[in-house]
Amino acid sequence: MMNKNPNGVSLSDSYPANSILELTLSPNGEVVKGLVYCTDEVSNSIVLKKSLNHTVLASEIRVINASCIKTKKIIAAQAPTTKEDSGAGETLEVAMPLPNVTKKSIDEREKRAIMLAQESLKHINQKATPEGQEVFDRLLKACNEVKWNGESIIVLNNIKVDPPYHSDNCKLLKSGGVKHEGSLERVKRIVGA
């Protein structure tokens, strides 16, 4: 159910999105101007966006309670869609187009999020101590090829880290020359950090 402001009209009708308004606020008569980004009937609020020039910030967002508005002046019922359309005068706001959203793109995004969540769950070992999980997470971030084998951590399919997960608990699973010795030293440094 949509709330109505005192004169019986919804906020979205009184303050349409992508319109440019100048509002006078009570109690001090402050005048604010900007593009109506959105309205919220529940909190009785209007969100204004104002572009900023000569600053590193792109825009200022201001949330205004509709009950504080004394007067409303419509500068443009519909904001221009490009800066060129805004004219040579003062900088007007540019309308904020809504992105195209399709069911297919939403479904793909959901599948990807579920896959990432399931992948990250594979990295959690319920049997490991919090310290062990922390060491696993550090190794995963640094080496990317890390898995659990019971309570032991297997790194690069070549190095085993046993509880209590200290650098002296790191062992080569199979000897393989200087390359594997270098990997072992790197894992020991990560575990000892």
Side-chain angles (χ1 to χ4, degrees), residues 12 17-18 34-65 79 81-83 93-193:
S12 59
N18 281 330
L35 175 94
V36 177
Y37 183 75
C38 66
T39 58
D40 179 42
E41 303 287 338
V42 175
S43 65
N44 197 34
S45 300
I46 298 115
V47 179
L48 287 184
K49 176 188 161 287
K50 180 180 179 183
S51 293
L52 299 175
N53 296 326
H54 312 295
T55 180
V56 294
L57 300 174
S59 57
E60 173 184 277
I61 303 293
R62 185 137 183 206
V63 180
I64 300 165
N65 190 313
T81 54
T82 62
K83 290 271 185 202
E93 298 295 326
V94 176
M96 311 247 333
L98 293 174
N100 278 341
V101 179
T102 62
K103 176 131 175 63
K104 182 181 175 186
S105 67
I106 291 171
D107 289 342
E108 287 173 3
R109 192 172 181 181
E110 179 186 32
K111 283 179 187 174
R112 184 171 184 270
I114 290 170
M115 183 188 71
L116 290 172
Q118 288 172 338
E119 186 67 31
S120 66
L121 281 175
K122 289 180 186 176
H123 300 298
I124 298 173
N125 187 347
Q126 297 292 329
K127 298 174 188 170
T129 62
E131 295 80 15
Q133 187 66 51
E134 187 178 318
V135 168
F136 180 91
D137 294 341
R138 274 199 315 262
L139 287 166
L140 183 64
K141 189 174 181 180
C143 301
N144 218 16
E145 200 176 319
V146 182
K147 62 185 177 186
W148 286 104
N149 184 10
E151 290 186 31
S152 298
I153 302 170
I154 307 296
V155 184
L156 303 170
N157 289 326
N158 202 26
I159 300 163
K160 184 177 184 180
V161 183
D162 290 317
Y165 312 106
H166 295 227
S167 56
D168 53 335
N169 301 105
C170 301
K171 300 174 207 136
L172 278 174
L173 292 175
K174 50 191 169 204
S175 59
V178 178
K179 179 183 176 191
H180 296 305
E181 290 294 329
S183 297
L184 178 62
E185 290 307 311
R186 181 170 184 235
V187 168
K188 283 183 175 183
R189 280 195 308 272
I190 294 167
V191 169

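Nothing fancy with the numbering, it's 1 onward along the sequence. Every heavy atom of this structure was used, including side-chain atoms; hydrogens, water molecules and symmetry mates were not.
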What ring-ring contact (aromatic ring centres under 6.0 Å, His included) pairs are there with at least one residue in residues 104-127, not counting sequence neighbours?
->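 Of all non-adjacent pairs touching residues 104-127, those that pass ring-ring contact (aromatic ring centres under 6.0 Å, His included) are H123-F136.
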
State, with a plain yes or no, whether a side-chain heavy atom of [X] is found less than 4.5 Å away from one of [Y].
X: V36; Y: V47; value: no
X: E131; Y: P163; value: no
X: L116; Y: I114; value: no
X: V155; Y: S183; value: no

Notebook entry, point to check: Got a donor-acceptor contact below 3.5 angstrom from the N169 side chain to the H166 backbone?
Noted result: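 Yes, N169 side chain to H166 backbone: donor-acceptor pair under 3.5 Å.
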
**Q.** Side-chain donor or acceptor of E41 paired with backbone N/O of S12 under 3.5 Å
**A.**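 Indeed, once roles are kept as given, a pair shorter than 3.5 Å links the two residues.
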
One pair to check against side chain to side chain donor-acceptor pair (under 3.5 Å): N65 and S45. What are the steps and the verdict? CA-CA 4 Å; N65 190 313; S45 300; 5.4 Å; no

[X] [atom1] to [Y] [atom2] distance, which is reported to the nearest 0.5 Å:
X: N44; Y: D40; atom1: CG; atom2: CG; result: 8.5 Å
X: K188; Y: D168; atom1: NZ; atom2: CG; result: 8.0 Å
X: K49; Y: N18; atom1: NZ; atom2: CG; result: 9.5 Å
X: C170; Y: E185; atom1: SG; atom2: CD; result: 9.5 Å
X: L172; Y: L184; atom1: CG; atom2: CG; result: 4.5 Å
X: R62; Y: L48; atom1: CZ; atom2: CG; result: 8.0 Å

Using a distance-only test with no angle check, is there a side-chain donor-acceptor pair under 3.5 angstrom linking [X] and [Y]?
X: N125; Y: Q133; value: no
X: K147; Y: N157; value: yes
X: N149; Y: S152; value: no

**Request:** Could you please spell out the steps behind the side chain to side chain contact (heavy atoms under 4.5 Å, CB included) verdict for V135 and R138?
**Result:** CA-CA 5 Å; V135 168; R138 274 199 315 262; 3.5 Å; yes

Presence of salt bridge, D107 and K103, under 4.0 angstrom: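 Between D107 and K103 there is a salt bridge, with a charged N closer than 4.0 Å to a carboxylate O.
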
**Asked** Is K122 salt-bridged to E119, cutoff N-O under 4.0 Å?
**Response**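 A salt bridge links K122 with E119.
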
message = Quick one, S51 with E60, criterion side chain to side chain contact (heavy atoms under 4.5 Å, CB included). Give me CA distance, side-chain angles, the key distance, then yes/no.
response = CA-CA 6 Å; S51 293; E60 173 184 277; over 6 Å; no

Could you pull out the closest heavy-atom pair between W148 and G132, with the gap in Å?
->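 Taking W148 first and G132 second, the nearest heavy atoms are CH2-O, 3.7 Å.
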
When you look at C143 and I190, which way does the side chain to side chain contact (heavy atoms under 4.5 Å, CB included) test go after all the steps? CA-CA 10 Å; C143 301; I190 294 167; 4.2 Å; yes

| said: With side-chain contact (heavy atoms from CB on, under 4.5 Å) as the test, pick out the partner of I154 among V146, I159, L173. | reply: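 Going through V146, I159, L173 one by one, the side-chain contact (heavy atoms from CB on, under 4.5 Å) with I154 is satisfied by L173 alone.
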
